[in-house]
Amino acid sequence: MKILLVEDEQGLILTLTDRLRSEGFEVTSATDGESGLSLASTGGFDLIILDVMLPKKNGFDVCRDLRRKGIETPVLMLTAKGETIDKVLGLKLGADDYLTKPFEVIELLARVEALLRRAPQTRSNGSSPESFRFGNVTVDFRRAEARKNDEPVELSAMEFKLLHFLIENRGAVHSRDRLLDAVWGYDAMPSTRTVDVHVAWLRQKLETNPKHPQFIQTVHGLGYKFAA
């Protein structure tokens with residue numbers, strides 16, 4: 001697993017790099033926002049640890065620009081600020097998790113592992129497809145768009161995340177709890193009914209016959225799968 005650490009505190013860079021490498025991760029570091037954005041834009045990382053207060057370009061702007069480029073690599077934001085508004089801003093701009101300084105390294109490792117578990121599996125060549133087509137539907141992952149019969153389909157952010165996860169892990173059966181953890185997050189508080197509702201919405205919008213879905217299938221007693 002490859003991690004990009006974007007941080008300007010040399011002491012923290014050394015501490016985190018040593019600990020992450022001891023856990024088996026390959027770590028690359030950048031000390032300002034511009035170089036961090038450039039490295040992250042290559043898409044060659046499994047996770048980005050991103051400080052908010054950076055020279056040249058702050059972490060909020062880096063995260064926003066990555067998502068605009070279609071880079072979906074999980075982002076764990078670090079900041080010395082503890083205000084709720086900063087956490088909300090980071091998450092709205094596309095961050096996947098948030099850790100306030102000072103923190104225990106063991107907590108950071110736990111969050112890193114959780115984010116990597118939740119991240120969609122990549123293809124065997126190490127890269128995710130930019131688009132996927134099934135039936136009369138085309139999904140563009142970079143633009144976070146879906147089209148049916150060449151007409152745009154309006155999907156909510158969570159609908160798209162669920163669809164993305166199912167497609168990336170197609171053929172596998174996922175329990176409702178697994179989908180809650182992977183799509184909504186380990187610290188979210190939805191119920192398994194939330195999964196059923198979002199699946200129903202996806203079928204209504206994307207399947208030719210929502211009552212008899214061809215692609216987003218129910219595996220009775222187990223959960224859901226996207227037919228390979």
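All values below come from the heavy atoms of this structure, side chains included, with hydrogens, waters and symmetry mates left out.
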> Looking at Pro152 and Arg147, what are the two nearest heavy atoms and their distance?
Replying inline: CD-NH2, 3.8 Å

> Quick one: are Val75 and Val62 in side-chain contact, heavy atoms under 4.5 Å?
Replying inline: no

> Do the side chains of Leu20 and Val105 join up, straight or via other hydrophobic residues, at under 4.5 Å, putting them in one cluster?
Replying inline: yes

> Are Trp201 and Phe134 joined in one hydrophobic group, where the rule is that I, L, V, M, F, W and Y side chains link up if heavy atoms are under 4.5 Å apart?
Replying inline: no

> Should Leu76 and Asp96 be marked as a side-chain contact (heavy atoms from CB on, under 4.5 Å) after you check the CA-CA gap, both sets of side-chain angles, and the distance that decides it?
Replying inline: CA-CA 6 Å; Leu76 171 61; Asp96 297 272; over 6 Å; no

>> If you define the side chain from C-beta out and look only at heavy atoms, does anything of Asp196 sit under 4.5 Å from Arg193?
In response: yes

> Looking at Asp140 and Phe160, what are the two nearest heavy atoms and their distance?
Replying inline: O-CZ, 3.7 Å

>> Can you confirm whether Tyr224 sits close enough to Arg176 that some side-chain heavy atom of one is under 4.5 Å from a side-chain heavy atom of the other?
In response: yes

> CD of Glu23: more than 12 outside heavy atoms within 6.0 angstrom?
Replying inline: yes

> Under 30°, 30 to 60°, or over 60°: which ring-plane class applies to Phe215 and Phe226, parallel, tilted or perpendicular?
Replying inline: parallel

> How many angstroms lie between atom CD of Glu7 and atom CG of Leu14, to the nearest 0.5 angstrom?
Replying inline: 11.0 Å

>> Please identify which of these residues, Asp32, Asp8, Asp65, meets the salt bridge (charged side-chain N to carboxylate O under 4.0 Å, His left out) condition with Lys57.
In response: Asp65

> What is the distance from atom OG1 of Thr79 to atom NZ of Lys101, rounded to the nearest 0.5 Å?
Replying inline: 7.5 Å

> How many angstroms lie between CD1 in Ile49 and CG in Leu99, if you round to the nearest 0.5 Å?
Replying inline: 9.0 Å

> Are side-chain heavy atoms of Met77 and Phe60 found at a separation under 4.5 Å?
Replying inline: yes

> Are any of the side-chain heavy atoms of Thr218 and Val199 separated by less than 4.5 Å?
Replying inline: no

> Looking at Glu207 and Lys148, what are the two nearest heavy atoms and their distance?
Replying inline: O-NZ, 3.2 Å

>> Leu155 vs Lys205, test: side-chain contact (heavy atoms from CB on, under 4.5 Å). Steps then yes/no.
In response: CA-CA 8 Å; Leu155 298 178; Lys205 294 177 180 182; 3.6 Å; yes

>> Is there a path of hydrophobic side-chain contacts, each under 4.5 Å between heavy atoms, that joins Phe103 and Ile3?
In response: yes

>> Would you say that Gln10 contacts Thr31 through its side chain, given a criterion of any heavy-atom pair below 4.5 Å between the two side chains?
In response: yes

> Do you know the tightest heavy-atom contact between Glu72 and Phe141?
Replying inline: OE2-O, 2.8 Å

>> Using the rule given for side-chain contact (heavy atoms from CB on, under 4.5 Å), can you reason through Leu4 versus Leu50, listing the C-alpha separation, both sets of side-chain angles and the distance that settles it, and then say yes or no?
In response: CA-CA 8 Å; Leu4 174 62; Leu50 176 64; over 6 Å; no

>> Quick one, Leu39 and Thr28 - any side-chain contact, counting heavy atoms below 4.5 Å?
In response: yes

> Would a 4.5 Å heavy-atom cut-off, applied to side chains only, mark Thr17 and Leu5 as touching?
Replying inline: yes

> Hey, what do you get for CD1 (Ile13) to CG (Asp18), rounding to the nearest 0.5 Å?
Replying inline: 11.5 Å

>> Using 0.5 Å steps for rounding, measure from the CG atom of Leu115 to the CG atom of Asp46.
In response: 12.0 Å

> So if you build clusters from Ile, Leu, Val, Met, Phe, Trp, Tyr with side-chain heavy-atom gaps below 4.5 Å, do Leu108 and Leu116 land together?
Replying inline: yes

> Shortest non-hydrogen contact from Ser35 to Ala30?
Replying inline: OG-CB, 3.6 Å

> Under the side-chain contact (heavy atoms from CB on, under 4.5 Å) criterion, do Phe25 and Leu47 qualify, and how do the steps go?
Replying inline: CA-CA 10 Å; Phe25 296 104; Leu47 178 75; over 6 Å; no

> Which distance, rounded to the nearest 0.5 Å, do you find between the NE2 of His174 and the CG of Leu222?
Replying inline: 12.0 Å

